[in-house]
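Numbers for residues simply follow the sequence, beginning at 1.
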Amino acid sequence: KGTVQSQKQKGWKACVVETVEQLERRCQAYLAQPEWTRGPVVLRQLVTLRHSRTTPEGFPIGREYRAFLLGGSVLACGYYWEGDDPLKALTAAEQGEVEELAREAARRMKVPYLAVDIGQTTEGRWLVIETGDAQFCGLCEIPRWALWSRLAQQLHSGSGSERARPL
């Protein structure tokens with residue numbers, strides 16, 4: 001993927017390569033479109049996420065969540081994909097696991113404002129899928145006014161370390 005965005009809206013084959021030759025062609029195509037990469041190309045290990053549906057292009061709609069953090073504090077966390085999904089709801093324990101993993105990623109990244117995408121594997125393990133610049137990330141199913149209000153409150157108060165209320 002590029003550092004800005006992946007091609008998952010184009011389906012599985014647009015995101016997954018199986019040979020070195022495919023990888024080289026894909027990298028060349030990305031590098032020819034600087035608006036997608038801003039320079040580097042990002043390679044990720046393929047993992048199978050728990051899912052119950054796919055996009056029309058065949059991309060698995062994994063059990064994924066996006067968290068926005070400021071100063072290591074979770075401002076908001078919500079389901080990554082739009083639409084009804086039987087896997088969307090998190091238990092309180094799962095919500096805690098997702099938020100703790102997001103906080104750990106933010107701690108390691110050492111940047112003030114961050115988006116962290118977290119998914120659940122078919123084995124039930126939670127893992128960080130990717131981190132991103134929260135200024136450029138889509139909000140997924142996170143209510144925008146709630147996120148922006150919490151961001152404004154924490155910026156105004158000078159706080160970034162208090163845990164935000166769940167949305």
Side-chain angles (χ1 to χ4, degrees), residues 1-18 26 30 33 35-37 42-106 108-109 111 113-154 162-167:
K1 72 179 279 293
T3 58
V4 176
Q5 191 171 14
S6 71
Q7 297 285 324
K8 63 184 152 206
Q9 73 279 8
K10 293 183 179 178
W12 187 255
K13 295 222 180 256
C15 298
V16 178
V17 297
E18 297 177 8
R26 188 72 49 82
Y30 267 113
Q33 297 180 3
E35 67 275 10
W36 286 94
T37 63
V42 177
L43 302 178
R44 297 185 289 188
Q45 179 182 2
L46 179 63
V47 295
T48 306
L49 296 181
R50 187 174 169 202
H51 70 280
S52 63
R53 58 191 180 123
T54 61
T55 66
E57 296 78 23
F59 194 87
I61 297 176
R63 192 169 192 221
E64 294 179 72
Y65 300 84
R66 175 164 286 166
F68 287 86
L69 298 97
L70 178 65
S73 175
V74 176
L75 297 172
C77 182
Y79 193 62
Y80 183 89
W81 299 93
E82 291 182 7
D84 290 331
D85 192 319
L87 300 176
K88 181 191 290 191
L90 290 169
T91 65
E94 290 172 328
Q95 181 80 30
E97 287 181 74
V98 168
E99 289 185 8
E100 183 56 37
L101 192 53
R103 283 191 293 276
E104 176 62 20
R108 291 183 187 195
M109 292 295 297
V111 296
Y113 188 45
L114 181 70
V116 180
D117 294 346
I118 296 171
Q120 186 182 40
T121 66
T122 54
E123 295 82 23
R125 191 177 61 127
W126 292 101
L127 54 88
V128 172
I129 302 297
E130 68 180 326
T131 59
D133 186 335
Q135 300 174 91
F136 297 103
C137 290
L139 298 181
C140 304
E141 290 213 351
I142 294 171
R144 65 186 45 136
W145 293 113
L147 169 62
W148 294 338
S149 293
R150 290 190 186 148
L151 177 60
Q153 288 170 348
Q154 288 199 15
E162 297 173 18
R163 182 160 186 226
R165 298 180 318 271
L167 291 176

Which distance, rounded to the nearest 0.5 Å, do you find between the CG of Leu49 and the CD of Glu64?
5.5 Å
Any side-chain to backbone donor/acceptor pair from Arg66 onto Ile142? Under 3.5 Å, distance only.
no
Side-chain (Gln120) to main-chain (His51) donor-acceptor, under 3.5 angstrom:
no
Nearest 0.5 angstrom please: Arg108 CZ to Leu114 CG, how far?
13.0 Å
Look up atom CD1 in Ile129 and atom OG1 in Thr121, then write down how far apart they are to the nearest 0.5 Å.
9.0 Å
Nearest heavy-atom pair of Ala115 and Ala134: which atoms, and what distance?
N-CB, 3.7 Å
Test salt bridge (charged side-chain N to carboxylate O under 4.0 Å, His left out), reference Glu94, set Lys88, Arg63, Arg125, output is Arg63
Tyr113/Leu151 under side-chain contact (heavy atoms from CB on, under 4.5 Å): CA gap, chis, key distance, verdict:
CA-CA 10 Å; Tyr113 188 45; Leu151 177 60; 3.6 Å; yes
Search all heavy atoms of Gly72 against all heavy atoms of Ala106 and return the closest pair with its distance.
CA-CB, 4.3 Å
Heavy atoms of Cys77 and Tyr65 approach each other most closely as SG-CB, 4.2 Å
Any Val111 side-chain heavy atom under 4.5 Å of Thr131 side chain
no
With a 4.5 Å cut-off on side-chain heavy atoms, are Leu139 and Trp148 touching?
yes
Main-chain N/O of Gly62 paired to Trp81 side chain as donor or acceptor, under 3.5 Å:
yes
Could you tell me which non-hydrogen atom of Ile118 sits nearest to which non-hydrogen atom of Val98, and how far apart they are?
CD1-O, 3.1 Å
Run the side-chain contact (heavy atoms from CB on, under 4.5 Å) check on Tyr79 and Ile61 step by step: do they pass?
CA-CA 11 Å; Tyr79 193 62; Ile61 297 176; 4.1 Å; yes
Any chance you could measure Leu90, atom CG, to Glu97, atom CD, to the nearest 0.5 Å?
9.5 Å
